[in-house]
Amino acid sequence: MRPLTIVKSLAVSLPEANIDTDIIYPARFLTDTRKVGLGEYAFLDRHESNPDFPIRTGMEQKILIANENFGSGSSREQAPWALADLGLRVLIAPSFGDIFHGNCFRNGLLPICLPVPTVHELHRSAVLGREFEINLVDRHIRIDGTRLAIRFDVPPDGRESLLNGWNETTRILENHTDDIITFEHKQRSEQPWLWH
Amino acid sequence: MSKTLYEKLWESHVVCTTGSGSCLLYIDRHYLHEVSTPQSFESLRTDKLSVRRPETNIAVADHSVPTRRDGRPIADPQAAAQIALLEQNCLDFSIPYIPLDSDEQGIVHVIGPEQGLSLPGMTIVCGDSHTSTHGAFGALAFGIGASECGTVMATQCLLQKQARSMRVHFTGRLQDGITAKDLALALIAKIGTAGAVGHAIEFTGEPIRNLSMEGRMTLCNMAIEAGSRTGLVAPDETTLEYIKGRKGAPKGEDWDKACAYWATLQSDSKASYDKEVELCVTSILPQVTYGTRPDQSLPDNGWIPASLTDDARNALTYMGIEPETEFDQIGIDYAFIGSCTNGRIEDLRAAAAQIKGRHVAHGVTALVVPGSGLVKKQAEAEGLDRLFLDAGFEWRAPGCSLCVAMNDDRLPAGSRCASTSNRNFEGRQGVGSRTHLMSPLMAAEAAINGRIVRTMGTGS
Ligand code: SF4
């Protein structure tokens with residue numbers, strides 16, 4: 001996974017709440033078994049109803065300011081894959097769908113939760129065309145032309161993974177194989193029915 | 001210290017903590033389907049990893065399969081390739097696979113319990129958000145993404161953060177004709193689609209104890225529509241009765257040991273939850289959604305509200321419905337009975353009883369899609385297929401069908417469907433299609449009338 005430390009870019013504003021993963025990645029493209037190159041399907045139905053819809057291939061912003069419950073619904077990882085494929089690296093919203101939120105960290109995308117009024121401010125800055133700097137090292141958002149420095153929290157595991165570009169699977173095997181074996185021995189003797 | 005059921009399930013699967021607030025959680029069962037796993041296997045190959053315990057996995061194709069099959073090849077080349085890839089991946093990594101032509105094939109959340117593979121006390125995952133279904137057995141079950149599917153196969157573990165606990169306590173008595181689906185939709189209408197985000201819901205109370213396993217599965221299935229990855233019901237006699245004798249169920253001495261352990265899987269009486277909601281079920285009427293989110297349920301008076309939030313107004317525009325209309329004036333084009341929410345035998349029995357001797361309205365296409373081959377066989381043994389066919393319904397082969405519109409079953413833009421599935425999102429049943437969620441009883445009644453009619457209460 002590509003590490004993420006500091007992202008400097010303009011931001012795109014999508015103020016609509018409850019953008020579910022069916023909207024981000026329509027189901028009819030789920031038979032595509034690729035992981036890269038899925039950006040062309042992102043928000044496709046929105047493009048049909050709104051030719052100026054800003055989240056599309058060729059977009060230059062790396063930051064998306066969204067709204068409540070972004071990425072709710074289906075667990076399809078095609079949603080974060082498609083967004084990452086468009087070059088997006090940071091998503092900011094008051095809240096995210098749980099599964100989507102976790103999926104972002106595994107795909108080089110940083111989801112940031114901030115209170116509603118703050119997100120509201122960020123939407124304004126995005127629309128005004130200000131440049132954002134997202135710093136995952138010191139966990140601050142800075143906006144060009146303002147003295148604003150907004151601190152954000154992010155789950156420590158996810159942060160470390162993003163900073164280092166870690167692969168979760170191989171890291172578990174490297175660090176915890178012995179722990180897993182110990183657990184398995186115990187479970188096998190206590191709950192043998194799980195082992196035939 | 002007093003513990004909730006969720007805490008007990010969680011703690012019994014912690015392999016170790018990682019120091020940053022997460023735990024490495026051991027996973028007992030992984031269900032695979034064709035959509036969320038091609039990229040997981042690709043990662044295994046890239047990282048040169050094997051599957052740690054292949055026998056704890058089981059794979060089946062459901063999402064992209066056509067429901068008109070009769071042994072014919074799959075027409076959509078991309079769907080055919082996706083299913084063939086699942087077969088090949090299972091072969092390469094020694095994972096048990098249920099072939100498309102097997103009687104045991106079906107929707108992943110229907111076949112797991114049916115095969116006795118979802119047991120109390122287990123951790124169960126699948127690359128599908130409706131994995132919460134299996135929580136009906138008192139198992140810690142939750143949906144994951146494709147990357148995590150790869151992690152589970154290679155390590156038998158996942159890095160997870162413990163959720164906050166939430167109790168949804170039902171009181172009162174369900175009226176006849178009110179189903180678990182109505183309970184689920186009424187709850188979601190009350191707490192909203194984000195009402196349980198970050199929480200693991202445990203359902204408690206007399207009405208839950210009185211639900212069959214099918215009903216409990218329907219309810220836990222919909223937990224994700226309230227934002228919770230996990231829905232739980234503590235195991236009891238009903239649970240044991242359902243599991244006993246099934247293919248994957250423990251046998252002999254193991255059965256007794258398992259039962260003794262499962263009896264401990266209850267929240268302690270003094271356990272405290274981070275959040276509590278109480279809902280009296282006595283006055284719940286049949287539920288039906290009017291908008292594009294599962295929490296946009298029709299008020300009891302049967303009228304679309306006059307004053308609406310912007311959100312609801314946008315939803316109504318998409319749905320092609322005016323505010324302040326009486327709901328039963330709205331005609332439907334399709335009715336769909338099926339999905340992992342309502343594609344089980346009990347659902348089909350209820351719908352069949354509702355339509356017996358009647359006929360689908362002119363101009364309505366009505367589909368019944370059993371959740372699995374075994375459900376289909378059982379229904380046929382009971383003569384339900386004949387009832388449906390005689391009434392003008394189509395009787396299809398198992399699959400996700402119109403729940404997801406990524407297979408041959410898709411609705412045209414602007415068409416309206418009475419559906420027993422779980423999501424009424426924009427375009428969920430086909431680009432521009434309009435979905436109203438409801439119980440199998442209500443969907444059957446809608447098919448007959450050509451419009452949505454409450455089977456009881458105001459507006460019927
Ligand atoms: S029936 Fe619908 S919700 Fe259930 S697994 Fe299939 S697509 Fe998902």
Side-chain angles (χ1 to χ4, degrees), chain A residues 16-18 20-23 26-35 45 48-49 68-69 72-81 95-100 102-103 106-107 155-160 167-173 175-177 179-180 182-184 187 190-194 196, chain B residues 15-16 18 20-22 24 26 28 35-36 38-39 42-43 47 49 63-64 76 78-79 81-82 85 119 121-122 127-129 143-148 150-151 154-157 159 161 193-194 197-198 224 227 229 250 254-255 257-258 261 293 311 404-406 410 423 425-428 431:
Chain A
E16 197 180 330
N18 295 302
D20 57 65
T21 53
D22 270 81
I23 299 178
R28 62 188 182 282
F29 305 116
L30 285 173
T31 47
D32 195 319
T33 56
R34 292 176 301 163
K35 187 168 169 175
D45 292 340
E48 272 155 34
S49 54
E68 259 146 311
N69 214 13
S72 53
S74 157
S75 59
R76 65 190 64 163
E77 202 161 321
Q78 282 82 359
W81 291 335
S95 60
F96 292 90
D98 275 354
I99 302 177
F100 176 83
N103 282 340
R106 297 181 188 92
N107 293 289
D157 278 330
R159 176 168 173 267
E160 259 187 297
N167 171 332
E168 192 166 299
T169 309
T170 52
R171 264 189 70 79
I172 292 174
L173 290 174
N175 295 337
H176 298 296
T177 296
D179 298 322
I180 298 171
T182 309
F183 180 93
E184 286 180 336
Q187 194 195 52
E190 289 174 1
Q191 296 179 53
W193 61 90
L194 297 177
H196 320 133
Chain B
V15 172
C16 60
T18 62
S20 47
S22 293
L24 195 63
Y26 197 78
D28 299 317
V35 181
S36 58
Q39 299 85 352
E42 195 183 299
S43 307
D47 297 333
L49 298 170
H63 283 64
S64 58
D76 175 353
Q78 215 167 28
Q82 191 175 46
L85 185 57
L119 301 175
M122 273 184 164
D128 188 281
S129 58
I144 57 177
S147 301
E148 287 180 301
T151 305
T155 71
Q156 208 68 33
C157 291
L159 266 180
K161 242 191 147 72
T193 50
V197 168
I224 184 71
R229 291 171 80 180
D254 268 353
W255 173 257
K257 269 196 204 157
Y261 173 62
R293 290 203 328 249
D311 243 20
V404 66
M406 60 166 294
R410 276 176 221 188
R423 286 187 175 139
F425 297 168
E426 283 178 27
R428 176 79 183 185
V431 183

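Lettering follows sequence order; numbering is per chain, from 1.
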Practice item. I would like to know whether A:Thr33 and B:Glu42 meet side-chain contact (heavy atoms from CB on, under 4.5 Å); could you show each step before the answer? Key: CA-CA 10 Å; A:Thr33 56; B:Glu42 195 183 299; over 6 Å; no
Give a yes or no answer on whether the side chain of [X] reaches the backbone of [Y] with a donor-acceptor pair at less than 3.5 Å.
X       : Y        : value
A:Glu77 : B:Ser147 : yes
A:Thr31 : B:Ala79  : no
B:Gln82 : A:Leu30  : yes

Side chain, backbone, both or neither: which part of [X] has a heavy atom under 4.5 Å from chain A?
X        : answer
B:Ser43  : side chain
B:Ser36  : neither
B:Ala405 : backbone
B:Leu159 : both
B:Leu119 : side chain

Practice item. Any chance you could measure B:Asp47, atom CG, to A:Asn167, atom CG, to the nearest 0.5 Å? Key: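 It is 4.5 Å, given to the nearest 0.5 Å.
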**Study point:** Distance, nearest 0.5 Å, that separates CE of B:Met406 from CZ of A:Arg76
**Key:**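 Between atom CE of B:Met406 and atom CZ of A:Arg76 there are 8.5 Å.
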Report yes if the side chains of [X] and [Y] come closer than 4.5 Å at any heavy-atom pair, otherwise no.
X        : Y        : value
B:Ser129 : A:Ile99  : yes
B:Asp28  : A:Gln187 : yes
B:Arg293 : A:Asp20  : no
B:Leu24  : A:Asn175 : no
A:His176 : B:Val15  : no

Counting heavy-atom pairs under 4.5 Å to chain A, which of [options] comes out on top?
options                               : value
B:Gly227, B:Gly198, B:Gly427, B:Ala81 : B:Gly198
B:Thr151, B:Ile224, B:Ile144          : B:Thr151
B:Pro250, B:Pro38, B:Ala146, B:Cys157 : B:Ala146
B:Lys257, B:Glu148, B:Gln156          : B:Glu148

Exercise for review: Measure distances from A:Phe96 to the heavy atoms of chain B and classify the residue's part below 4.5 Å as side chain, backbone, both or neither.
Suggested key: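 Backbone only.
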**Study point:** Toward chain B, the part of A:Gln78 with a non-hydrogen atom under 4.5 Å
**Key:**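 Only the side chain of A:Gln78 comes within 4.5 Å of chain B.
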Taking all non-hydrogen atoms of both residues into account, name the closest pair between [X] and [Y] and its distance.
X        : Y        : answer
B:Gln39  : A:Arg34  : NE2-O, 2.8 Å
B:Cys16  : A:Asp179 : SG-OD2, 3.6 Å
A:Leu194 : B:Met122 : CD2-CE, 3.6 Å
A:Ile180 : B:Tyr26  : CG2-CE1, 4.1 Å
B:Lys161 : A:Pro156 : NZ-CD, 4.4 Å

Exercise for review: Return the set of residues passing salt bridge (Lys or Arg N to Asp or Glu O under 4.0 Å) with A:Glu190 (not counting sequence neighbours), or none when no residue passes.
Suggested key: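 With neighbours one apart ignored, the set is A:Lys186.
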**Study point:** B:Arg423: salt bridge (Lys or Arg N to Asp or Glu O under 4.0 Å) partners, not counting sequence neighbours
**Key:**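 Result, salt bridge (Lys or Arg N to Asp or Glu O under 4.0 Å) vs B:Arg423: B:Glu225.
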**Study point:** side-chain contact (heavy atoms from CB on, under 4.5 Å) evaluation trace for A:Asp22 with B:Glu426
**Key:** CA-CA 8 Å; A:Asp22 270 81; B:Glu426 283 178 27; over 6 Å; no
Check your understanding: Of the listed residues (A:Pro155, A:Gly73, A:Ser72, A:Ala79), which shares the most heavy-atom pairs with chain B below a 4.5 Å separation?
Key ->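 Between A:Pro155, A:Gly73, A:Ser72, A:Ala79, the count favours A:Gly73.
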Check your understanding: Which residue out of A:Asp98, A:Asp45, A:Asn103 racks up the most heavy-atom pairs below 4.5 Å with chain B?
Key ->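 Sorted descending by pairs with chain B, the first entry is A:Asp98.
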